[in-house]
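Down below is the structure, laid out as structure tokens.
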Amino acid sequence: MPEFDSRVLLSRLRLAALLLLGVVLCLAPYRHFKPASGLLEAVHERDFISIHTRNTPTTYYEGRHGPTGFEYELMRRFAEFLGVSLTLDARHHINSALDAVRQEGDLAAAALPLDLTQRDLIYSRPILDLQPLLVYRRGLPPVNSTEGLAGLTIGTIRGSGTDRVLRELQAEHPELGWQESSDLEIAELLSRVENGSLDAAVVFEHQFRINRIFFPGVERGFPLGRPLSMAWAFPAQGGLGLQQEANRFLADLQQEELLDELIARHFGHDDYLEYVGARVFIAHLNERLPTYAELFREAARNTGFDWKLLAALGYQESHWDPEATSPTGVRGLMMLTLPTAGEMGVSDRLDPAQSVHGGARYLRQIKERLPESIQGKDRLYMAMAAYNVGLGHLYDARVIAEERGGNPDSWEDVREALPLLQQHEWHSKTRHGYARGGEPVIYVRNIRRYHEILTYVDRSQQQYLQLNELSNGEDDDAPLFDIISPLL
């Protein structure tokens with residue numbers, strides 16, 4: 001029989017104690033939880049889910065056709081996933097949303113950064129990467145690195161996660177200081193940069209994308225720190241059931257690529273704005289469009305189109321220049337050819353009213369001539385493509401789409417086929433031959449994005465006019481901000 005060794009026993013006891021301590025520490029965050037079914041069961045019993053959110057362009061707002069916004073789309077779909085209705089409280093900023101969900105409600109969805117240090121809260125799986133971005137006022141020397149931050153008056157939103165990044169940066173650069181506020185939203189922060197109250201701000205990249213069209217005087221600087229994660233927050237005392245259902249819902253969206261589609265739809269304008277130039281677009285929007293907006297509205301009433309779609313098409317054609325002329329001889333605000341102008345009864349292509357009404361009638365005629373099997377948005381997008389490349393080439397692309405196993409009534413499939421009209425292998429077999437088929441693809445994409453931006457501007461213009469009045473007042477200074485001083 002082996003000899004008893006007290007040192008081995010002591011070592012094993014210490015190991016067991018450490019393992020037990022590890023288990024206790026791992027379970028510590030869950031000590032307040034009710035059984036996993038608690039909050040989820042309550043949601044199903046009352047037949048609705050109550051959510052705290054924020055009224056911002058990136059989360060939730062009232063659009064022309066009802067509530068919308070990236071997180072609203074997710075919230076609505078999550079309620080449908082659970083089989084319940086949805087109630088919202090959108091009167092919050094970030095910190096108040098977190099405080100509210102601790103006390104009542106089922107979850108907070110307010111562009112919240114995942115923060116495991118928050119007491120009495122648990123979070124969903126990450127929804128969206130949040131890349132902090134330094135932006136600065138146009139006219140200042142370019143700010144491309146942390147060394148360029150010295151001496152700048154920088155603002156950010158407390159609790160958004162950008163303040164956390166600044167604190168981490170301050171540990172390495174103790175000379176860094178900034179101002180932070182819980183009472184402002186992104187548009188107000190960018191307004192203060194543009195009007196000179198602040199030199200710079202730290203926001204998230206996707207927020208800058210959706211707001212930059214209104215603030216051409218704010219320049220993109222550089223990414224600051226590592227990306228954070230946006231997530232939903234749940235009260236810890238409600239158990240794990242609702243969080244687990246949210247994670248299952250988000251995982252399904254991710255797997256089906258619907259989450260990526262929502263992200264692209266709500267935050268996908270920036271590449272276009274880079275191409276056109278945000279300052280050029282906003283200048284034309286302010287200086288040119290007001291002259292012709294009523295013409296577009298009148299033409300829309302006569303043809304059944306959205307006036308902003310006609311305006312978007314007009315901008316793609318001429319940048320709202322009524323005297324525009326191309327090397328191929330198309331002219332005017334809607335860039336009509338001579339034969340098209342004659343067919344539409346336009347005697348003077350340089351007359352803005354005749355051009356707008358003629359172009360709208362021509363688009364309607366094309367749309368009406370398309371096969372009845374093409375429906376909805378597919379029909380509109382194909383009509384716009386034919387406005388650019390001609391009906392004959394569009395029909396050729398539909399044939400190619402079908403030969404390649406696609407659906408000739410789907411714009412997605414026809415869009416893939418159109419560029420093939422530039423290749424001899426394909427256009428040699430078509431009725432109308434070669435075409436610069438890549439152009440209508442870009443053409444439709446641009447008009448769609450112009451239309452989205454114009455819709456957003458039209459919906460939000462009054463809000464931003466009020467914001468500018470507030471920002472230009474005498475009360476635009478520091479009381480809203482807390483000063484975070486340098487460590488030096």
Parallel, tilted or perpendicular: which fits the ring planes of Tyr387 and Tyr362, with parallel below 30° and perpendicular above 60°?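 Tilted: the ring planes of Tyr387 and Tyr362 meet at 30° to 60°.
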Over 60° means perpendicular and under 30° means parallel, so classify the ring planes of Phe249 and Phe81, tilted if in between.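 Answer is tilted, since the angle falls between 30° and 60°.
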Does [X] come within less than 4.0 Å of [Y], counting only side-chain N to carboxylate O?
X	Y	value
Arg398	Asp413	no
Arg76	Glu73	yes
Glu412	Arg415	yes

Is any side-chain heavy atom of [X] closer than 4.5 Å to a side-chain heavy atom of [Y]?
X	Y	answer
Leu420	Arg404	yes
Val330	Thr340	no
His357	Glu298	yes
Leu262	Leu74	yes
Pro141	Tyr136	no
Ser347	Gln354	yes
Ile51	Asp106	no
Met344	Leu336	no

Checking side-chain contact (heavy atoms from CB on, under 4.5 Å) for the pair Thr162/Leu130: CA distance, chi angles, key distance, verdict? CA-CA 9 Å; Thr162 53; Leu130 302 174; over 6 Å; no
Side-chain ([X]) to main-chain ([Y]) donor-acceptor, under 3.5 angstrom:
X	Y	value
Arg379	Lys367	yes
Ser229	Leu114	no
Gln375	Glu372	yes
Thr59	Ala110	no
Asp378	Ser410	no
Glu317	Leu333	no
Ser428	His424	yes
Ser85	Asp47	yes
Asp396	His432	yes
Ser191	Glu188	no

Atom pair [atom1] ([X]) and [atom2] ([Y]), whose distance is rounded to the nearest 0.5 Å:
X	Y	atom1	atom2	answer
Leu313	Met335	CG	CE	11.5 Å
Glu439	Leu418	CD	CG	11.0 Å
Asn247	Gln254	CG	CD	12.5 Å
Ile154	Leu189	CD1	CG	11.0 Å
Asp321	Leu350	CG	CG	9.5 Å
His93	Leu98	NE2	CG	13.0 Å

Start with the C-alpha gap between Leu224 and Thr146, add the side-chain angles, then the distance that decides, and say whether side-chain contact (heavy atoms from CB on, under 4.5 Å) holds. CA-CA 8 Å; Leu224 200 66; Thr146 53; 4.1 Å; yes
Which pair of non-hydrogen atoms, one from [X] and one from [Y], has the smallest distance, and what is that distance?
X	Y	answer
Asp163	Trp178	O-CZ2, 4.3 Å
Leu394	Ala386	CD2-CB, 4.1 Å
Thr53	Ala109	OG1-O, 2.7 Å
Ala200	Leu134	CB-CD2, 4.1 Å
Phe48	Thr87	CD1-OG1, 3.8 Å
Leu289	Ala311	CD1-CB, 4.2 Å

Yes or no on side-chain contact (heavy atoms from CB on, under 4.5 Å) for Thr156 and Leu166, after CA distance, side-chain angles and deciding distance? CA-CA 9 Å; Thr156 199; Leu166 283 169; 3.7 Å; yes
Do [X] and [Y] pair up side chain to side chain, a donor and an acceptor below 3.5 Å, judged on atom types alone?
X	Y	result
Ser355	Arg349	no
His206	Gln131	no
Trp320	Glu287	no

Over-ring placement of Arg448 relative to Tyr381, 6.0 Å and 45° cut-offs: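 Relative to the ring axis of Tyr381, which defines the angle, Arg448 lies inside both limits.
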For Gln422, does the CD atom sit with more than 12 other heavy atoms under 6.0 Å from it, leaving out its own atoms?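 More than 12 within 6.0 Å, yes.
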Answer yes or no: does atom CZ of Arg91 have more than 12 heavy-atom neighbours from other residues, nucleotides or ligands under 6.0 Å?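 It does not: Arg91 CZ has 12 such atoms or fewer within range.
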Can you list the steps and then say if Thr303 with Leu310 is a side-chain contact (heavy atoms from CB on, under 4.5 Å)? CA-CA 10 Å; Thr303 57; Leu310 296 179; 4.2 Å; yes
Using the rule given for salt bridge (Lys or Arg N to Asp or Glu O under 4.0 Å), can you reason through Glu245 versus Arg248, listing the C-alpha separation, both sets of side-chain angles and the distance that settles it, and then say yes or no? CA-CA 5 Å; Glu245 285 296 280; Arg248 189 158 67 89; 2.9 Å; yes
